[in-house]
Amino acid sequence: LGLPATGARRIDGIGAGIFGVGASSSIRGIALGGIGVGVGGDLTGIAIGGIGVGGGGDVRGISIGGIGVGTGGNLHGLSIGGVGVGTGGNARGILIGGIGAGVGGDVEGISVGGIGVGAGGNMRGLSIGGVGIGAGGNVTGVQLAGIGIGSGGTLKYVSIAGVGIGAPRIEGLAIASAVGAQNVHAVVIAPIYFKIDDGQMNGLNISAWNNIHGTQRGLAIGLYNYARSLDGLQIGILNYAGNKSRGTRVLPLINYARTH
């Protein structure tokens with residue numbers, strides 16, 4: 001217990017300071033700092049800082065910072081930051097950031113950001129972003145965003161956004177005003193626009209404009225349905241199937257074709 005601060009190479013047990021608690025090596029136990037808690041290595045246990053909690057290594061347990069929680073290593077457990085939560089490594093557990101939550105590696109669990117949630121690697125679990133959600137790798141689970149969702153890999157299971165969703169591959173259910181991908185095996189509901197870019201659509205897609213620059217397999221429902229190659233059914237005011245004979249490529253109401 002230090003007034004105004006507590007500092008040591010290593011803290012095992014309970015450390016508290018009016019201003020803060022700090023250790024150059026590690027903290028294991030309970031650390032309470034009026035301003036902040038910081039450690040050069042790993043932090044295990046419960047850490048609460050009026051402004052922030054930071055660790056140079058891994059943080060495991062419960063960490064709460066009035067402004068933020070950050071670590072250069074991995075983050076495991078429950079982390080809450082008034083502004084944000086961030087880690088340079090992987091994260092597993094529950095991350096809640098008033099503005100955002102960011103992970104340099106993979107994230108698994110529940111991630112909530114007032115503005116956004118992002119990961120440099122894969123994202124698995126429940127992710128909620130007031131504005132957006134993005135990952136450099138695959139995104140698997142349930143994703144809810146006010147504006148958009150993006151993935152550098154496969155977007156899988158349930159993805160719902162107010163404006164747009166984009167990924168090289170989408171599986172499961174995708175709902176947004178506009179959706180774009182290269183390959184899709186899913187149900188897609190995009191009231192304004194849906195596009196496949198040199199790939200394949202498998203399943204059901206509903207949009208005002210279904211723009212399939214590739215192969216459409218399944219059912220497309222829209223005002224205008226375009227498919228470079230159709231292996232299924234189009235229902236709409238105007239339907240185009242590029243693989244049909246010239247006289248039947250463009251048809252009103254219904255168009256049908258089989259490729260094999």
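Nothing here was measured: the structure is a model prediction, and the numbers come from that model.
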Problem - Closest contact, heavy atoms only, Ala186 versus Gly172 - result: CB-O, 3.0 Å
Practice task
Indicate the atoms forming the closest heavy-atom contact of Pro168 with Ser151, along with that distance.
Solution key: CD-O, 3.1 Å
Problem - Between OG1 on residue Thr154 and CG on residue Asn183, distance to nearest 0.5 Å - result: 9.0 Å
Problem - Cluster overlap Ile206 with Val158, hydrophobic side-chain contacts below 4.5 Å - result: yes
Problem - Note, Asn205 side chain near Gln216 side chain (heavy atom, < 4.5 Å) - result: yes
Practice task
Give the cluster check for Leu126 versus Leu173: same hydrophobic cluster or not, with ILVMFWY residues linked at side-chain heavy-atom distances below 4.5 Å.
Solution key: yes
Handout entry: His185 vs Gln200 side-chain heavy atoms within contact, under 4.5 Å
Key = no
Fill in the blank from the handout: Going by chain and number, the hydrophobic cluster around Tyr157 (ILVMFWY, side chain to side chain under 4.5 Å) further includes none
Problem - For Ala135 against Gly121, the heavy-atom pair lying closest together - result: CB-O, 3.6 Å
Problem - Val53 and Leu43, any side-chain heavy atoms less than 4.5 Å apart - result: yes
Exercise for the section: Answer whether the closest heavy-atom distance between the side chains of Asn225 and Asn255 falls below 4.5 Å. Expected result: no
Problem - Hydrophobic cluster identity match, Leu219 and Leu251, side-chain contacts under 4.5 Å - result: no
Problem - Heavy-atom side-chain proximity of Asn210 to Met201 below 4.5 angstrom - result: no
Exercise for the section: Only pairs at least two apart or in different chains count here, so list each side-chain hydrogen bond (donor to acceptor under 3.5 Å, both in side chains) that has a residue in residues 126-146. Expected result: Gln143-Ser159
Completion exercise
Taking every heavy atom of Asn239 against every heavy atom of Ile254, the minimum-distance pair comes out as ND2-N, 3.5 Å
Fill in the blank from the handout: Here the gap from Leu144 atom CG to Ile175 atom CD1, rounded to the nearest 0.5 Å, amounts to 10.0 Å
Fill in the blank from the handout: Value for CG (Asn243) from OG1 (Thr248), rounded to nearest 0.5 Å, stands at 9.0 Å
Handout entry: Minimal non-hydrogen separation, Leu230 against Ala241, with atom names
Key = CB-CB, 3.7 Å
Handout entry: Side-chain heavy atoms of Asp198 within contact of Arg228, under 4.5 Å
Key = yes
Fill in the blank from the handout: When rounded to the nearest 0.5 Å, the distance separating CD1 of Ile11 from CZ of Arg28 is 13.0 Å
Practice task
Spell out, as yes or no, whether a donor-acceptor pair under 3.5 Å connects the side chain of Lys156 to the backbone of Arg124.
Solution key: no
Handout entry: Joint cluster assignment, Phe194 & Leu238, ILVMFWY side-chain distance < 4.5 Å
Key = no
Practice task
Would you please test His213 and Asn211 for side chain to side chain donor-acceptor pair (under 3.5 Å) and show each step?
Solution key: CA-CA 6 Å; His213 285 262; Asn211 191 12; 3.0 Å; yes
Fill in the blank from the handout: The reported gap from CG in Leu233 to CZ in Arg258 (rounded to nearest 0.5 angstrom) is 10.5 Å
Problem - Parallel, tilted or perpendicular: rings of Tyr224 and Trp209 (30°, 60°) - result: tilted
Show which side-chain atoms of residues 78-103 pair as donor or acceptor with protein atoms under 3.5 Å away, not counting sequence neighbours.
residue	atom	partner	partner atom	Å
Ser79	OG	Ser63	OG	3.0
Thr87	OG1	Gly73	O	2.4
Thr87	OG1	Gly89	N	3.2
Asn90	OD1	Asp106	N	2.8

Fill in the blank from the handout: On a heavy-atom basis, the closest approach of Gln182 and Ile196 is O-CG2, 3.4 Å
Practice task
Count the heavy atoms of every other residue, nucleotide or ligand shown that sit under 6.0 Å from CZ of Arg217, and state whether that count exceeds 12.
Solution key: yes
Handout entry: Donor-acceptor contact below 3.5 Å, side chain Ser207 vs main chain Tyr193
Key = yes
Practice task
To the nearest 0.5 Å, tell me how far Ile62 CD1 sits from Thr44 OG1.
Solution key: 12.5 Å
Exercise for the section: Determine whether Ile110 and Ile64 fall in the same hydrophobic cluster, where Ile, Leu, Val, Met, Phe, Trp and Tyr are linked whenever their side-chain heavy atoms lie under 4.5 Å apart. Expected result: yes
Exercise for the section: Verify, without hydrogens or angle tests, whether Asp58 (side chain) and Asn74 (backbone) share a donor-acceptor contact under 3.5 angstrom. Expected result: yes
Handout entry: Main-chain N/O of Tyr240 paired with Arg249 side-chain donor or acceptor, under 3.5 Å
Key = no
